[in-house]
Number of protein chains: 2
Amino acid sequence: MGRTMTPHAIPRYQQLKDLIIERISNGELRPSDRVPSENELVQSMSVSRMTANRALRELTDEGYVKRIAGRGTYVADFRSQSHVLEVRNIADEIAHRGHVHASEVIRQSRQHARGEIAKALHVEQGVDVFHALLVHFENATPIQVEDRHIVADFAPDCLDQDFTTITPSAYLTAISPLAEAEQIVRAQMPNAAVRDRLLMTDDEPSLVVIRRTWSSGRPVTFARLHHPGSRYELTGQYAPAGTPQSTPVGVVQLEALSQ
Amino acid sequence: MGRTMTPHAIPRYQQLKDLIIERISNGELRPSDRVPSENELVQSMSVSRMTANRALRELTDEGYVKRIAGRGTYVADFRSQSHVLEVRNIADEIAHRGHVHASEVIRQSRQHARGEIAKALHVEQGVDVFHALLVHFENATPIQVEDRHIVADFAPDCLDQDFTTITPSAYLTAISPLAEAEQIVRAQMPNAAVRDRLLMTDDEPSLVVIRRTWSSGRPVTFARLHHPGSRYELTGQYAPAGTPQSTPVGVVQLEALSQ
DNA sequence: TAGTCTAACCTGTATATACAACCTAGAAGA
DNA sequence: TCTTCTAGGTTGTATATACAGGTTAGACTA
């Protein structure tokens with residue numbers, strides 16, 4: 001039979017999670033220490049085993065603990081050192097800032113893959129690929145040069161698209177919504193073409209995101225996204241799911257960190 | 001009563017997840033489409049509601065669907081556009097590449113917080129903070145300048161640490177293993193000091209990671225991590241948890257993408 | 001002594017049941 | 001017509017129970 005709960009109470013499983021996180025957080029439980037087993041939690045916390053199971057299972061997913069069937073639950077070694085950055089679609093990102101996105105198509109053509117493009121897309125030299133070169137604007141200021149190649153047979157109607165109304169990224173994810181991706185972020189000096197398109201000064205570096213996206217086990221698109229170093233940065237927050245998410249954290253940020 | 005299972009079978013809840021992911025993946029279910037409710041899955045898939053609930057709940061955590069109590073479950077809008085980059089502790093990162101990490105301590109002192117440091121750490125002007133300036137080496141080549149400030153009362157024994165044997169990052173997470181963090185990644189030209197420490201050429205940009213880490217609701221450390229643009233990049237993979245994780249993806253990468 | 005077996009724990013999964021809270025369409029009332 | 005109420009569907013949580021399978025310590029046997 002279900003237990004009666006006062007309205008809007010914190011769920012029991014969440015209380016368990018919080019309790020264990022607290023004990024890890026304040027050092028009472030240290031890495032590789034044994035965490036109370038499900039049955040011990042049943043006893044001491046007066047919950048059902050399923051509830052204890054859910055708490056411990058979610059803590060596992062979140063990287064706090066490690067569970068070994070037959071042995072027990074242990075505090076995970078070093079959570080922490082991997083912080084996470086999110087790279088979003090440029091149009092969404094601009095819209096999210098409440099700004100206006102526009103783009104200009106410089107080139108939209110069919111080519112034969114060669115050299116590194118062929119290698120990156122896992123196709124033979126000479127196979128058909130589409131090439132799209134665009135500039136994205138945020139409130140009329142150029143913010144990204146997108147240099148993208150797409151495997152031709154993955155997106156046959158690529159040349160018919162109007163990339164000023166739908167970004168290549170949005171177009172591709174509309175074709176196949178799920179994909180793996182690899183990314184690389186680099187700081188490098190732009191070539192003259194990119195520098196001119198982005199209205200960059202001579203000594204300004206660019207932040208380049210190189211992204212290769214996979215679908216059904218094969219690479220389908222390969223993009224270089226160039227941004228002006230003085231006007232673009234990647235930001236990310238990291239909160240160990242369970243933290244009350246102190247809200248205005250992201251706001252102070254930009255003001256406080258200007259160098 | 002429990003259902004008998006053949007040994008090592010794929011769990012029922014995972015089968016449900018795979019089935020729904022497949023239907024999203026092949027376009028049968030498109031963003032904002034309605035996903036079968038728990039009770040419908042109970043009927044059509046012959047599982048208990050708890051099993052259906054687990055499948056849908058995990059799909060929610062993984063970003064595939066969105067659930068609204070009282071209404072139903074819907075395919076999440078654009079999963080995809082947010083790709084993820086991981087920023088790891090430099091020592092772990094170097095160790096992971098099978099290389100040797102070493103570091104040199106340039107400065108390790110107590111200071112009074114001023115200007116942007118005070119702002120970033122949410123302390124008054126003049127409050128005690130520790131300052132650590134280090135260079136990290138990968139196989140004797142300088143790869144990172146770490147410029148870090150730490151709130152003094154968070155880490156009172158900071159000056160006693162030997163940062164050549166334990167990195168500041170490792171030291172801090174040993175004190176308080178759980179934290180929130182904010183990060184910013186920028187491409188910028190280094191100042192002369194950084195350029196010299198990292199043996200960079202005059203026209204080489206640096207990739208800067210700015211990281212502020214929180215503990216117990218307050219900022220405790222603020223670090224600028226400078227890397228030589230020609231020798232350092234951030235990499236990340238993104239696979240919608242459930243993909244068979246095509247193994248060698250990360251390997252081809254570096255070779256293929258050299259520009 | 002050395003090897004084997006077993007009991008007692010552990011996690012992992014699955015089910016049936018129960019109640020609370022939320023949402024909406026449509027019925028019932030003013 | 002407009003408002004209010006309600007029934008039924010939906011998610012969210014909690015419990016009790018059951019069985020499968022991994023792990024280990026200690027008892028048992030050869």
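Labels below follow one simple rule: chain letters A, B, ... track the order of the sequence lines, proteins then strands, and each chain is numbered from 1.
- Of the residues in residues 36-43 of chain B, not one places a heavy atom less than 4.0 Å from an atom of DNA chain C.
- Distance A/D61 CG to C/dT11 P: 15 Å, rounded to the nearest Å.
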Please report the C-alpha distance between A/E40 and A/R34 in whole Å, then the side-chain angles of each, then the deciding distance to 0.1 Å, and finally whether the salt bridge (Lys or Arg N to Asp or Glu O under 4.0 Å) criterion is met.
CA-CA 12 Å; A/E40 287 165 354; A/R34 190 171 176 286; 3.5 Å; yes
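- The side chain of B/R71 approaches C/dT24 more closely than any other nucleotide in the set D/dT11, C/dA14, C/dT24.
- When each of A/Q15 and A/A69 is assigned the nucleotide of DNA chain D bearing its nearest heavy atom, the one mapping closer to the 5' terminus is A/Q15.
- Using cut-offs of 30° and 60° for the angle between ring planes, the A/Y232 and A/H227 rings count as parallel.
- Looking at residues two or more places apart in sequence or on another chain, you find no ring-ring contact (aromatic ring centres under 6.0 Å, His included) involving A/F137.
- In this structure, the CD atom of B/E58 is 12 Å from the C1' atom of C/dG12, given to the nearest Å.
- At D/dT17, none of the side-chain N or O atoms of A/S48 fall inside 4.0 Å of OP1 or OP2 (strictly under the cut-off).
- The side chain of A/R67 lies closest to C/dT11 when the candidates are D/dA14, C/dT11, D/dG12.
- Using a 4.0 Å cut-off, no side-chain N or O of A/Y13 falls inside it from OP1 or OP2 of D/dA14.
- Residue contacts shown for A/R49 include a base, since a base heavy atom lies under 4.0 Å away.
- Nucleotide D/dT11 holds its C1' atom 15 Å from the CG atom of B/L59, rounded to whole Å.
- Here the nucleotide nearest the side chain of A/R54, chosen from D/dG12, D/dT13, C/dT13, is D/dT13.
- For A/Q43, the side chain to side chain contact (heavy atoms under 4.5 Å, CB included) criterion is met by no residue, not counting sequence neighbours.
- As rounded to whole Å, 15 Å separates atom C1' of D/dT13 from atom CG of B/L56.
- Of the candidate nucleotides C/dT15, C/dT13, C/dT11, C/dT15 has the atom lying nearest to any side-chain atom of B/V47.
- Nearest to the side-chain atoms of A/T51 among the listed nucleotides D/dT15, C/dA14, D/dG12 stands D/dT15.
- Rounded to a whole Å, the CG atom of A/N53 is 13 Å from the C1' atom of D/dT15.
- Remark: the A/T221 side chain and the A/R148 side chain contain an N/O donor-acceptor pair separated by less than 3.5 Å.
- A salt bridge links A/E62 with A/K17: the distance from a Lys NZ or Arg NE/NH1/NH2 to an Asp or Glu carboxylate oxygen falls below 4.0 Å.
- B/R34 has its CZ atom 16 Å from the P atom of C/dC23, to the nearest Å.
- Between B/R67 and B/D61 no salt bridge is recorded (no basic side-chain N to carboxylate O distance below 4.0 Å).
- Remark: C1' of C/dT13 and CE of B/M45 are 19 Å apart, rounded to the nearest angstrom.
- Rounded to an integer number of Å, the gap from CE of B/M50 to C1' of D/dG12 is 9 Å.
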